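Notes follow once the structure below has been shown.
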2 protein chains.
Amino acid sequence: MEDEVDRLVAAWRRERPDLDVEPLEVLSRVSRLARHLDRARRLAFAEHELEPWEFDVLTSLRRAGAPYQLSPGQLLTQTLVTSGTMTNRIDRLTKKGLVERLPDPSDRRGVLVRLTDEGRDRADQALAGLLDQERAILAELSRAQRGELAALLRQLTAPFDNVPG
Amino acid sequence: MEDEVDRLVAAWRRERPDLDVEPLEVLSRVSRLARHLDRARRLAFAEHELEPWEFDVLTSLRRAGAPYQLSPGQLLTQTLVTSGTMTNRIDRLTKKGLVERLPDPSDRRGVLVRLTDEGRDRADQALAGLLDQERAILAELSRAQRGELAALLRQLTAPFDNVPG
DNA sequence: CCCAACTATCTCGACGTCAAGAGACTTCAC
DNA sequence: GTGAAGTCTCTTGACGTCGAGATAGTTGGG
């Protein structure tokens with residue numbers, strides 16, 4: 001089956017026959033698929049009355065394990081947003097009762113952000129919903145194909161994930 | 001080589017051993033890789049003094065072929081932004097002399113956005129730079145692997161690209 | 001001890017996007 | 001032809017993010 005990238009590549013080959021546009025076959029698909037996934041996730045989370053950014057923060061805390069608390073700085077590095085954004089997010093999640101701020105007992109500059117019981121439940125429910133949705137999307141592929149795809153993608157992500165930058 | 005998703009999946013298996021988190025192996029990698037690509041692209045475009053959104057608009061016009069003009073509405077559907085955003089983008093690109101607005105001769109409500117000569121050159125240069133960068137990222141894989149990867153990704157994107165929504 | 005350098009979090013202003021709707025024009029059934 | 005419905009672009013206001021700087025607290029060499 002043809003997709004939007006096939007059309008895009010065909011247009012480039014017509015307009016710029018001098019260029020080798022083969023890289024777009026892989027990387028444009030990655031970007032476009034990510035965009036589709038963002039939209040699909042937004043819908044899935046909406047059923048649990050969560051925004052994607054809320055899910056990101058709550059699940060970072062959830063993955064940390066009991067007692068489900070991290071500093072704002074640790075949350076920054078996990079979610080890849082800036083500090084001003086994180087302050088704002090924690091404020092809003094606190095207002096909704098999903099997290100709470102505690103003073104860090106070992107550093108008076110610091111703060112710890114802890115999941116409330118409701119925050120934990122909401123994160124767990126939303127994760128289950130997300131996985132159901134993703135399984136449906138991946139039903140296009142066989143188990144073996146999914147494994148292959150994961151391995152190929154890992155080869156591309158590993159260099160990014162294993163350098164200082 | 002291990003990547004960030006391997007760590008993420010391991011954390012979930014520890015915290016939620018009851019869930020099957022296999023879908024994350026594929027789709028979290030897609031999302032994370034897209035994020036890395038966004039950053040890398042921003043850097044590549046900066047060498048040509050272009051923002052990613054500028055590249056999107058200019059190359060949509062470029063791909064249309066001579067005389068390199070489209071209506072704002074056509075640009076909306078290509079770039080997946082809303083109309084207010086597109087008005088703003090066209091305004092800024094006009095100020096930079098990369099596109100110009102022309103009245104649509106066949107519909108007085110309408111406008112045509114046309115690439116200037118400079119806009120066309122900038123789009124061509126930025127595309128070449130982007131392809132060089134993407135080739136470097138894909139050098140991790142053999143030609144055959146790239147083909148496999150493109151085919152697997154097409155299977156996932158095609159359903160999104162070929163439905164009304 | 002003390003001070004300089006460093007770290008952690010929060011504050012603030014600018015910016016880009018979105019969503020809803022207004023205004024201008026076109027189309028088509030009657 | 002005329003009016004209602006549809007289409008196209010632009011305007012507006014709210015919102016979330018970023019980036020730079022401010023504030024408060026910590027650390028370590030001398």
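Letters A, B, ... are given to chains in the order of the sequence lines, protein chains preceding strands, and every chain is numbered from 1. Treat the numbers as computed from the prediction; the structure is a model and nothing was measured.
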Under 4.0 angstrom between Arg92(B) side-chain N/O and dT17(C) OP1 or OP2: yes

Whole angstrom value for the distance that separates P of dT17(C) from CG of Leu76(B): 13 Å

Cationic N near anionic O, under 4.0 Å, Asp6(A) to Arg29(A): yes

Protein-nucleotide distance (Arg39(A), atom CZ; dT17(C), atom C1'), rounded to Å: 14 Å

5' priority, DNA chain D, between Ser106(A) and Thr82(A) [closest heavy atom]: Thr82(A)

Any N/O donor-acceptor pair, Arg109(B) side-chain to dT26(C) base, under 3.5 Å: no

Salt bridge flag under 4.0 Å for residues Arg146(A) and Glu134(A): no

Modelled atom types, side-chain donor and acceptor of Asp3(B) and Thr157(A), under 3.5 Å: yes

Rounded distance (Å) that lies between atom P of dT11(C) and atom CE of Met86(A): 15 Å

Any Thr85(B) side-chain N or O less than 4.0 Å from OP1/OP2 of dC18(C): yes

salt_bridge(Asp132(A), Arg135(A)) N-O dist < 4.0 Å: yes

Nearest listed nucleotide, side chain of Val81(B), among dC10(C), dC18(D), dC18(C): dC18(C)

Whole-Å gap separating P (dG16(D)) and CG (Leu80(A)): 20 Å

Any Arg89(B) side-chain N or O less than 4.0 Å from OP1/OP2 of dT17(C): yes

Among dG19(D), dC25(C), dT9(C), the one nearest Ser71(A) by side-chain distance: dT9(C)

Atom-pair distance (CG on Leu75(A); C1' on dC10(C)), nearest Å: 15 Å

Sugar-phosphate, base or nothing in reach of Gly73(A), heavy atoms under 4.0 Å: sugar-phosphate

Presence of salt bridge, Asp91(A) and Arg101(A), under 4.0 angstrom: yes

Short side-chain N/O contact from Arg101(B) to OP1 or OP2 of dC10(D), under 4.0 Å: yes

Between P of dG16(D) and CG of Asp56(A), the distance in whole Å: 15 Å

Separation of atom CD1 in Ile90(A) from atom P in dA8(C), rounded to whole Å: 14 Å

Among dA20(C), dT9(C), dG25(D), the nucleotide that comes nearest once only the side chain of Ser83(B) is considered: dA20(C)

Spacing of Arg108(A) atom CZ relative to dT9(C) atom P, expressed in whole Å: 16 Å

Sugar-phosphate only, base, or nothing, as touched by Asn88(A) at under 4.0 Å among non-hydrogen atoms: base

Of Trp53(A) and Leu112(B), the one whose closest DNA chain D nucleotide lies more 5': Leu112(B)

